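Worksheet: the structure to be examined is printed underneath.
Computed from a prediction, not measured in an experiment: that's the story for all the values here.
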Amino acid sequence: MSLSFSRESRLRTSADFKQVFDITDIKVSSKQLLILAKVNKLGRARLGLVVAKKNIRTAVGRNRAKRHIRETFRLQQDGVGGLDIVVLVRKSFSDLSDRDLNLLLNQQWQRLKRRLHEREASAEARPDKHPT
RNA sequence: CGAGUUGGCCGGGCAGUCGCUGUUUACCCCUUGUUAGUCAAUGGUAGUGUAAAUGGAGGAAAGUCCGGGCUCCAGAGGGUAGGGCGCCAGGUAACGCCUGGGGGGCGCAAGCCUACGGAAAGUGCAGCAGAGAGCAGACCGCCUAAGCGAGUAUGGCAACAUACUACGCCGGUAAGGGUGAAAGGGUGCGGUAAGAGCGCACCGCAUGGCUGGUAACAGUCCAUGGCACGGUAAACCCCGCCUGGAGCAAGACCAAAUAGGAAUCCUGCAGGUGUGACCCGCACUGGAUUCGGGUAGGUUGCUUGAGGUGCCUGGUGACAGGUAUCCCAGAUGAAUGACUGCCCAGGCCUGCCUUGGCAGGCUGGACAGAACCCGGCUUACAGGCCGGCUCGCGAA
RNA sequence: UGGGGUGUCGCCAAGCGGUAAGGCAUCAGGUUUUGAUCCUGACAUGCGGGGGUUCGAAUCCCUCCACCCCAG
């Protein structure tokens, strides 16, 4: 059980980002943000953030968004496993208070995990159903 | 106490849990040397890992409006163009900034505002209105003295003379009206046909002197001049001073690569490239086009600096000098955070009670995030703290 | 982060000190049996906001704001 969030658990090059955008395995969306994810072979989750200046005007606001997303990811990353995740922040994100923000984010991470489990389950089930 | 004005400062605090990141130390791992085990050393980027200690956004970090440092282009050198600044003196690395002073404007005052050189070097501009708008002008009005004429009266035989006029012509005038953003000193008296700096007095203005002041400038001083000199230079311009260009994605280093090759054309004491306005100068060098081939990033610059703080000295002050002491962010898909509790300001509600205070509950902290570094300016900003001064009221 | 540019009617735009052109769109009328075309007229507004210079500013100066482009 790790609560750390080091450089290894971040997406660091534009190539990494491009892969997630091109092949999106899981997609979780809400009014305030959009999460895209792709299965990787590293055995650990990696997070990348996209916060447009157009959506959140001030640098302080953008930093706030990134920090909250990182923090909640840090605390929730255990069940995620090998996924490359990109979080896109939408305009209404900055309307939320700190409390509501964390609530929303935790909810979204739970949804992501659920989708992942469903996907794995169906992937395991499929070869049994069609042995030939 | 109220109203105002001005200078400076802070811009939440403490504790706990879990994270991010820089530095240092230790250990792990690797490398090298050595040994029976081991030990030692330097280097750690081949990826770094673990632990501890310690540091980690701002007054504006913002806008990018100025000025520097730094780096490259040649130690940026000569000239032209272009750009900037503009009362005086000082401060400063420098500035378009700051300080002190002067002039002008506003305010009862404290104080505030001020792009504030030159319009007698030249060129230009001013629509509409108006008579006239740049070596001024005459629409209404006022006048008709002189000159010419008309009429009337008187005198005279007559020519004519004299006097008069709600008269005409030739004219005079810039007081008044009117136009305009702006119409070429003001008030009074004299003067005149009516008027006018036409003359005079006072005020204003200009020039020269004298006095004070480093200077801008000032003066209840003296002399001269009847006034000649309208506005606009954030219009061109003139004068004085300043000014090369680009920017850390600058630049440097390492690795790879630009290789090697084919074809065509042009040129040879000139041309090309670079120096990002142009000429000179300087440096480097054959050049251009097409075909095919190839590409990968990392390190550094990177934080010790016109540095902060305390004290002393000089100065009205900006600031300077001396001395002691401190090291205070360096990220790079981009750190400096999240959660919880308590406290401290603030706001709202309820209860007790004489203004006011006490108790409880709820709420709740602005503007905003370093990206090479400094000095300013500008803009944004909840709330709070400390001081100076002015005016009004009251008390002593 | 650095560098550069643009804001004029609903849209595209000219003007760069003296009443802010023009086109498209909109509305009304005419022509037509009706519609398109064509003709005539009009609306509403505007010079991104705030100061300053000037008698007078879209234009000159200062200062904010918004948008766009370039360099990884």
Checklist entry - Is the glycosidic angle of B:U313 within 90° of 0, making it syn, or outside that range, making it anti? => result anti

Just the table, please: protein N/O against nucleotides 58-64 of chain B N/O, every pair under 3.5 Å.
none

Next on the checklist: Does anything in residues 24-37 of chain A come within less than 4.0 Å of RNA chain B? Heavy atoms only, and list the residues if so.
Outcome noted: none

Checklist entry - Between A:L36 and A:L88, is any pair of side-chain heavy atoms under 4.5 Å apart? => result yes

Checklist entry - Of all residues at least two apart in sequence or in a different chain, which pass the side-chain hydrogen bond (donor to acceptor under 3.5 Å, both in side chains) check with A:R64? => result A:D98

Item to check | Integer-rounded Å distance: B:A331 P and A:R70 CZ | outcome: 15 Å

Next on the checklist: Per the ring pair (Phe, Tyr, Trp, His ring centres under 6.0 Å) rule, what does the pair list look like for residues 89-119 of chain A, sequence neighbours excluded?
Outcome noted: A:F73-A:W109

Next on the checklist: Quick check on B:A57: syn or anti? Syn means the glycosidic torsion is within 90 degrees of zero.
Outcome noted: syn

Next on the checklist: Any strand counts, and the cut-off is 3.5 Å on both contacts for Watson-Crick or G-U wobble. Which nucleotide pairs with B:G225?
Outcome noted: B:C205

Item to check | Interatomic distance, A:I69 CD1 vs B:A334 P [rounded to whole Å] | outcome: 11 Å

Checklist entry - What distance, rounded to whole Å, do you find between the two C1' atoms, one in C:C47 and one in C:A13? => result 13 Å

Checklist entry - Under 4.0 Å between a side-chain N/O of A:R57 and OP1 or OP2 of C:A66, yes or no? => result yes

Item to check | Rounded interatomic separation in angstrom, taking CD1 from A:I56 and P from B:G369 | outcome: 13 Å

Item to check | Smallest separation among heavy atoms of A:S29 and A:R111, with atom names | outcome: O-NH1, 3.4 Å

Checklist entry - Listed by chain and number, what are the side-chain hydrogen bond (donor to acceptor under 3.5 Å, both in side chains) partners of A:D84, not counting sequence neighbours? => result A:N40, A:R46

Checklist entry - Between A:K54 (NZ) and C:C68 (C1'), how many Å, whole number? => result 12 Å

Item to check | Separation of the C1' atoms in B:A138 and B:G190, to the nearest angstrom | outcome: 28 Å

Checklist entry - Between atom NZ in A:K66 and atom C1' in B:A334, what is the gap in whole Å? => result 7 Å

Next on the checklist: Between B:U173 and B:G185, how far apart are the two P atoms, rounded to whole Å?
Outcome noted: 16 Å

Checklist entry - Taking C-beta and beyond as the side chain, do A:L34 and A:V87 meet within less than 4.5 Å on heavy atoms? => result no

Checklist entry - Among all residues two or more places apart in sequence or in another chain, which pass the side-chain hydrogen bond (donor to acceptor under 3.5 Å, both in side chains) test with A:Q110? => result A:Q76

Next on the checklist: Under a 3.5 Å cut-off for both contacts, is B:C385 paired Watson-Crick or G-U wobble with anything, and if yes, with which nucleotide?
Outcome noted: B:G8

Checklist entry - If anything within 90° of 0 is syn and all else is anti, what is B:C328? => result syn

Item to check | Non-hydrogen side-chain atoms of A:R119 and A:I26 separated by less than 4.5 Å | outcome: yes

Item to check | Which atom of A:V86 lies closest to which atom of A:V20, heavy atoms considered | outcome: CG2-CG1, 3.6 Å

Checklist entry - Who is the Watson-Crick or G-U wobble partner of B:U295, with both distances under 3.5 Å? => result none

Item to check | Distance, rounded to the nearest Å, where A:D84 contributes CG and B:G333 contributes C1' | outcome: 13 Å

Checklist entry - How far, in whole Å, is B:C98 from B:C217 if one measures between their C1' atoms? => result 23 Å

Item to check | Same-atom distance (P) from B:C88 to B:A318, integer angstrom | outcome: 24 Å

Checklist outcome for this item: When rounded to whole Å, the NZ to P distance for the pair A:K53 and C:C69 reads 14 Å

Checklist outcome for this item: Here the gap from A:L101 atom CG to A:D95 atom CG, rounded to the nearest 0.5 Å, amounts to 10.0 Å

Checklist outcome for this item: Here the residues of residues 89-97 of chain A within 4.0 Å heavy-atom distance, strictly under, of RNA chain B are none

Item to check | Test salt bridge (Lys or Arg N to Asp or Glu O under 4.0 Å) applied to A:R62 - qualifying residues, sequence neighbours left out | outcome: none

Item to check | Who pairs with B:G96 - Watson-Crick or G-U, where each distance is under 3.5 Å | outcome: none

Checklist entry - Does C:G23 fall in syn (glycosidic angle within 90° of 0) or anti? => result anti

Next on the checklist: With the 90 degree cut-off around zero defining syn, does B:A74 come out syn or anti?
Outcome noted: anti

Less than 3.5 Å apart, which donor and acceptor atoms pair up between the side chains of residues 47-60 of chain A and the rest of the protein, not counting sequence neighbours?
unit_1: A:N55; atom_1: ND2; unit_2: A:V89; atom_2: O; d: 3.1
unit_1: A:T58; atom_1: OG1; unit_2: A:G61; atom_2: N; d: 3.1

Next on the checklist: When you compare the side chain of A:Q108 with that of A:T72, does any pair of heavy atoms fall below 4.5 Å?
Outcome noted: no

Checklist entry - Roughly, in whole Å, what's the span from CG in A:N63 to C1' in B:C20? => result 13 Å

Item to check | Base paired to B:A74 (Watson-Crick or G-U; both N/O distances under 3.5 angstrom) | outcome: none

Next on the checklist: Checking the side chain of A:N106 only, and the main-chain atoms of A:N102 only, is there a donor and an acceptor separated by less than 3.5 Å?
Outcome noted: yes

Item to check | Watson-Crick or G-U counterpart of B:U165, or none if no pair lies under 3.5 Å | outcome: B:A150

Each nucleotide N or O in nucleotides 338-340 of chain B that has a protein N or O under 3.5 Å away: list the pair and distance.
unit_1: B:C339; atom_1: OP1; unit_2: A:N102; atom_2: ND2; d: 3.2

Checklist entry - With both distances under 3.5 angstrom, what nucleotide forms a Watson-Crick or G-U wobble pair with B:C391? => result B:G2

Checklist entry - Which pairs, with at least one residue in residues 26-72 of chain A and sequence neighbours excluded, count as a ring pair (Phe, Tyr, Trp, His ring centres under 6.0 Å)? => result none

Checklist entry - For B:G178, what is the paired nucleotide under Watson-Crick or G-U wobble rules, both distances under 3.5 Å? => result none

Checklist entry - Between A:L47 and A:T58, which is nearer to the 5' end of RNA chain B once each is assigned its nearest nucleotide? => result A:L47

Next on the checklist: With rounding to the closest Å, how many angstrom separate the C1' atoms on B:C125 and B:C236?
Outcome noted: 11 Å

Next on the checklist: By the ring pair (Phe, Tyr, Trp, His ring centres under 6.0 Å) test, which pairs, at least two apart or in different chains, include something from residues 32-61 of chain A?
Outcome noted: none

Next on the checklist: With heavy-atom distances below 4.5 Å as the criterion, would you say the side chains of A:L104 and A:D100 are in contact?
Outcome noted: no

Checklist entry - Mind checking the P distance from C:C68 to C:C55? Whole angstroms is fine. => result 42 Å

Checklist entry - Which whole number of Å gives the distance between the P atom of B:U275 and that of B:G247? => result 13 Å

